[in-house]
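Taking it in order: structure first as structure tokens, then the write-up.
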Amino acid sequence: MRHLTSSSCFRMKAYLVRILTEALAKITDQPVQADIIIEKPRSADHGDAATNLAMTLTKKLGMPPRKIAEALKAALPLDDGYLSAVEIAGPGFINFRFSEKWLYGQLSEILETGAGYGKTTENAGKKMQIEFVSANPTGPLTVGHGRNAVLGDTIARLLEWTGAAVDREYYFNNAGRQMRVLGESVRARYLQELGQPAELPEDGYQGGYITDIAKTLIDAHEESLLGCPPNDPVFKNAAEHAIFADIRKTLERMNIRMDSFFNEHTLYEDGSIDRVVSRLRELDLAYDADGAVWFRTTKFGKEKDTVLVKSTGEPTYRLPDIAYHINKLDRGYDTCIDIFGADHIATYPDVVSAVEALGYDSKRIDVQVYQFVTIVKEGIPFKMSTRKANFVTLDELMDMVGSDVTRFFFLMRTPGTHLEFDIAEATQQGEKNPVFYLQYAHARIHSILSKATEEYDLSAEADLGLLTHPAETTLIKDLLQFPDMVAQAAHHREPHRLINYLNEVAASFHRFYHDCRIMGEAPELAVARVALLRAVVTVLNNGLTILGIQAPERM
RNA sequence: GCGCUCGUAGCUCAACUGGACAGAGCAUCUGACUACGGAUCAGAAGGUUGGGGGUUCGAAUCCUCCCGAGCGCACCA
């Protein structure tokens with residue numbers, strides 16, 4: 001059974017589970033083990049909540065599902081503090097309708113809770129860490145990194161709303177071959193800028209930012225670096241600092257702040273790399289062959305063993321990866337989440353196997369893989385490469401569409417499926433741009449509220465019982481789903497669920513706006529509707545806050 | 001060749017992880033307030049969920065085999 005918390009929807013679920021359990025005990029002699037699942041039916045005709053309990057019990061009780069449903073219904077109490085009706089439908093669903101008394105009670109709870117509405121305690125007391133972005137400082141962040149960055153940050157926010165303490169960490173490596181080539185590329189540009197003959201390394205970085213970095217070196221050192229050898233760290237260091245500064249700025253612009261940057265090099269300095277190898281050797285999971293150190297991945301179902309340390313003495317990236325995850329687990333996190341692109345999909349199982357073999361509970365590691373982004377520009381997709389400088393940077397994208405649209409587009413889709421990022425669609429300012437639908441609803445309500453403040457005395461308590469129009473009650477029911485939706489999105493690490501939900505809320509609001517007026521109605525009703533709008537604004541605001549998107553008061 | 005991830009309306013995607021009649025937004029067509037923001041709302045049309053077989057009360061979802069796409073398969077990261 002699903003873990004339940006104290007928020008409104010959970011409380012209704014808990015109530016339904018309890019009365020169903022009691023009813024079940026009444027209709028059978030022997031105790032029956034049953035998983036009671038409560039869900040919201042797709043169609044409003046089927047009530048506000050439903051359970052398939054009767055169907056799942058057909059085998060155990062040896063009775064047809066509708067018979068069981070009838071018996072259960074007869075044994076259920078009908079407390080109008082919670083429910084107004086219990087119905088049986090279809091093959092044996094038991095459908096519940098919430099009482100108005102319950103709805104109004106919950107609505108006033110939203111108003112009281114305000115900016116905290118939607119927070120739950122599902123992960124209260126849990127310490128979590130999420131590692132994301134983690135791009136090596138070889139160039140500016142591109143749209144390709146964007147999905148990773150925004151997913152990581154938003155999942156962190158979701159988890160915080162379920163009570164967890166979350167650390168955001170950026171893992172990087174400034175010592176590998178890529179970085180060496182980067183330094184050599186800067187040096188080549190430096191020489192060229194000073195009129196010296198020089199060529200980029202064969203697989204050097206071609207982007208214009210390399211030349212910019214070279215120019216800053218000229219500003220700082222003039223010609224004094226001409227005699228430096230190609231591998232002099234001054235070039236690489238300059239590049240790293242400039243690029244990291246740039247990356248931080250981009251992240252900040254996207255409303256992302258890291259708690260820590262972890263340099264892979266640390267793992268060499270503190271000996272944890274060596275420790276992993278020797279412990280794997282003790283377990284006979286690592287061995288020497290052909291001058292290299294191998295990891296016995298065949299023991300975990302792989303076809304081939306994997307090299308951990310090359311015959312040159314240099315570890316492959318897998319080894320520090322293992323050490324890094326152990327480092328994280330040793331820091332005491334209950335859960336460590338990795339946000340990985342599809343290219344890592346085949347390699348992380350090795351890390352998980354190693355961590356498990358070394359005596360850690362690998363369930364504490366949670367790898368989230370997202371599929372790559374296809375950029376569509378003028379109707380045609382194009383491939384990006386940092387090295388060839390064939391990319392759209394996140395800064396360029398935000399120059400075009402702003403950070404709200406940028407975040408929204410990356411969050412809109414299921415992480416596990418390919419995302420098509422259509423620049424033309426994102427650039428649209430009007431109705432075609434999906435983010436505006438939400439922001440418009442927020443701005444519209446705000447405008448109504450400020451007008452209502454002038455016309456009515458809103459200090460008196462609203463009589464919420466006046467909100468009986470179908471557009472009003474469905475809107476209230478939508479609002480009550482919010483904490484549950486946040487918790488679900490957090491649990492599945494899928495922010496798009498929250499977006500879909502907020503779109504529904506906005507749609508319900510627009511429908512309400514169309515059907516129900518505020519100004520011009522009897523003052524009591526107007527005041528009650530204003531209260532409802534405040535609750536809607538609360539949900540939109542809190543939801544957009546989780547998504548890291550602005551909730552504008554006018555547009 | 002092997003592994004992973006996928007395939008849903010013309011297009012981009014949902015579907016609460018096995019539930020009721022597969023839903024939204026674009027695009028197309030038809031309508032709506034002389035009043036609170038028309039960046040809105042109502043309606044129409046659009047489907048053999050890539051295909052076959054299986055599991056069961058029940059399948060887009062699970063198993064299997066085909067077809068098709070993307071990504072991996074280094075002593076690169």
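First the proteins, then the strands, lettered A, B, ... as listed; each starts at 1. What you see below is based on every heavy atom in this structure, not just the backbone, and it leaves out hydrogens, waters and symmetry mates.
As judged by a 4.0 angstrom heavy-atom cut-off over every strand, A:T316 is placed among residues touching the sugar-phosphate backbone only. Among the heavy atoms of the strands lying under 4.0 Å from A:N136 are primed sugar atoms or P, OP1, OP2 only; no base atom is included. Residue contacts shown for A:M485 are absent, as no nucleic acid heavy atom lies under 4.0 Å away. Residue contacts for A:A89: at a heavy-atom cut-off of 4.0 Å it reaches a base atom on one of the strands shown. Residue A:N95 is classed as a base contact, given a heavy-atom separation below 4.0 Å to a base. Within 4.0 Å of A:E521, counting heavy atoms only, lies no atom of the nucleic acid at all. Contacts of A:A441 with the nucleic acid, taken as non-hydrogen atoms under 4.0 Å apart, are absent. Residue contacts for A:G520: at a heavy-atom cut-off of 4.0 Å it reaches no nucleic acid atom on any strand shown.
Side-chain nitrogen and oxygen atoms of A:Y370 include none within less than 4.0 Å of the OP1 or OP2 phosphate oxygen of B:U5. Close to B:A77, at under 4.0 Å from its OP1 or OP2, lies a side-chain N or O of A:K310. Residue A:K451 places at least one side-chain N or O under 4.0 Å from the OP1 or OP2 atom of B:G37.
Of all nucleotides present, only B:G23 satisfies the Watson-Crick or G-U wobble test against B:C13, with each distance under 3.5 Å. Of the nucleotides present, B:C73 is the one that pairs with B:G1 by Watson-Crick or G-U wobble criteria, both distances under 3.5 Å.
For A:D343 against B:G72, a side-chain-to-base donor-acceptor contact under 3.5 Å is absent. Counting atom types as modelled, A:Y317 pairs a side-chain N or O with a base atom of B:A77 as donor and acceptor under 3.5 Å. Between the side chain of A:S311 and the base of B:C75, a donor-acceptor pair under 3.5 Å is found.
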Which atom pairs, one a donor and one an acceptor, fall under 3.5 Å between side chains of residues 63-71 of chain A and the rest of the protein, sequence neighbours left out?
| unit_1 | atom_1 | unit_2 | atom_2 | d |
| --- | --- | --- | --- | --- |
| A:R66 | NH1 | A:G90 | O | 2.6 |

Which donor-acceptor pairs under 3.5 Å do the side chains of residues 495-507 of chain A make with protein atoms, sequence neighbours left out?
| unit_1 | atom_1 | unit_2 | atom_2 | d |
| --- | --- | --- | --- | --- |
| A:R497 | NE | A:E494 | OE1 | 2.8 |
| A:R497 | NH2 | A:E494 | OE1 | 3.0 |
| A:Y501 | OH | A:D478 | O | 2.5 |
| A:Y501 | OH | A:F482 | N | 3.3 |
| A:N503 | ND2 | A:I499 | O | 3.4 |

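By the side chain to side chain contact (heavy atoms under 4.5 Å, CB included) test, A:N173 is found to be paired with A:N136, A:A175, A:E264, residues two or more places apart in sequence or in another chain being considered. By the side chain to side chain contact (heavy atoms under 4.5 Å, CB included) test, A:V367 is found to be paired with A:D338, A:F340, A:Y348, A:I365, A:V369, residues two or more places apart in sequence or in another chain being considered. Residues satisfying the ring pair (Phe, Tyr, Trp, His ring centres under 6.0 Å) criterion with A:F372, sequence neighbours excluded, are absent altogether. By the side-chain hydrogen bond (donor to acceptor under 3.5 Å, both in side chains) test, A:D321 is found to be paired with no residue, residues two or more places apart in sequence or in another chain being considered. Take A:H510 and apply the side-chain hydrogen bond (donor to acceptor under 3.5 Å, both in side chains) test, not counting sequence neighbours, and it matches A:R444.
The side chain to side chain donor-acceptor pair (under 3.5 Å) analysis of residues 306-317 of chain A, with sequence neighbours excluded, yields the pairs A:T297-A:T306. Here side chain to side chain donor-acceptor pair (under 3.5 Å) pairs that include residues 516-534 of chain A, with residues two or more places apart or in two chains, are A:E472-A:R529.
At a cut-off of 3.5 Å, with distance as the only test, a side-chain donor of A:N174 or A:E240 sits close to an acceptor on the other residue.
Look at A:K40 and A:D484 and you find no salt bridge, because none of the NZ, NE, NH1 or NH2 atoms lies under 4.0 Å from a carboxylate O. The residues A:K328 and A:E169 are annotated as not salt-bridged, no charged nitrogen and carboxylate oxygen being separated by less than 4.0 angstrom.
Straight-line distance from the CD atom of A:E494 to the P atom of B:U17: 11 Å, rounded to whole Å.
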Nucleotide N/O to protein N/O under 3.5 Å, stretch nucleotides 12-14 of chain B:
| unit_1 | atom_1 | unit_2 | atom_2 | d |
| --- | --- | --- | --- | --- |
| B:U12 | O2' | A:R413 | NH2 | 3.0 |
| B:C13 | OP1 | A:H418 | O | 3.2 |
| B:C13 | OP1 | A:E420 | N | 3.2 |
| B:C13 | O2' | A:R413 | NH1 | 2.6 |
| B:A14 | OP1 | A:T414 | N | 2.6 |
| B:A14 | OP1 | A:T414 | OG1 | 2.2 |
| B:A14 | OP1 | A:T417 | OG1 | 3.4 |
| B:A14 | O5' | A:T414 | OG1 | 3.4 |
| B:A14 | O2' | A:N500 | OD1 | 3.2 |

Write out a two-atom table: protein N or O, nucleotide N or O from nucleotides 55-57 of chain B, distance below 3.5 Å.
| unit_1 | atom_1 | unit_2 | atom_2 | d |
| --- | --- | --- | --- | --- |
| B:C57 | OP1 | A:K59 | NZ | 3.1 |

Between the protein and nucleotides 41-51 of chain B, which nitrogen or oxygen pairs are less than 3.5 angstrom apart?
| unit_1 | atom_1 | unit_2 | atom_2 | d |
| --- | --- | --- | --- | --- |
| B:C41 | OP1 | A:Y437 | OH | 2.4 |
| B:C41 | O2' | A:H514 | ND1 | 3.3 |
| B:A42 | OP1 | A:R511 | NE | 2.7 |

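Residue ring and base: A:F93 counts as stacked with B:A20 (centre distance below 5.5 Å, interplanar angle below 30°).
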